[in-house]
Amino acid sequence: IAPAALRDARVKLTQAQAHPVGARTITGELKRTTTPMRADGGEYYVVRDRQHGDMPVVLSPDMSRQVREGDIVEMQLDSQGRVVAISKYP
């Protein structure tokens, strides 16, 4: 196999792992809901996204400590819509 073809295959494999089928990225303003905290400590929020409207999400206690209500955030959701990563949007 030619080195260039091998390199291209590795790049494509890395990209596929970084963006699993059904996964998506959402960017928007984080708003807390009035729904009580879950038994596992998860907190309910809504992300106001221009493309998708208001999207309800649940953040783990660790994720909740990384951001605050009113922050513009970028989050990655898995194929079931669960938040797998969150950060403040630059």
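As the structure is a computational prediction, the values presented were derived from the model and not from experiment.
When all heavy atoms of Pro61 and Gly42 are compared, the closest pair comes out as CD-N, 4.2 Å. Nearest heavy-atom pair, Leu59 versus Ser64, reported as atom, atom and distance to 0.1 Å: CB-OG, 3.6 Å.
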Could you pull out all donor-acceptor pairs under 3.5 Å where a side-chain atom in residues 65-74 meets a protein atom, sequence neighbours excluded?
unit_1, atom_1, unit_2, atom_2, d
Arg65, NH2, Asp62, OD1, 2.3
Glu69, OE2, Arg32, N, 3.3
Asp71, OD2, Arg68, N, 2.7

Would you be so kind as to tabulate the donor-acceptor pairs closer than 3.5 Å made by side chains of residues 80-90, with sequence neighbours excluded?
unit_1, atom_1, unit_2, atom_2, d
Gln80, OE1, Arg82, NH2, 3.0
Arg82, NE, Asp78, OD2, 2.9
Arg82, NH2, Asp78, OD2, 3.0

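Every residue two or more places apart in sequence or in another chain that forms a side chain to side chain donor-acceptor pair (under 3.5 Å) with Arg48 is listed here: Asp54. For Met55, the side-chain contact (heavy atoms from CB on, under 4.5 Å) test picks out Arg24, Ile26, His52, Val57, Leu77, with sequence neighbours left out. Applying the side chain to side chain donor-acceptor pair (under 3.5 Å) test to Gln51 and every residue at least two apart in sequence or in another chain returns nothing.
The distance from atom CD of Glu43 to atom OG1 of Thr35, rounded to the nearest 0.5 Å, is 11.5 Å. Going from atom CE of Met63 over to atom OH of Tyr45 covers 12.0 Å, rounded to the nearest 0.5 Å.
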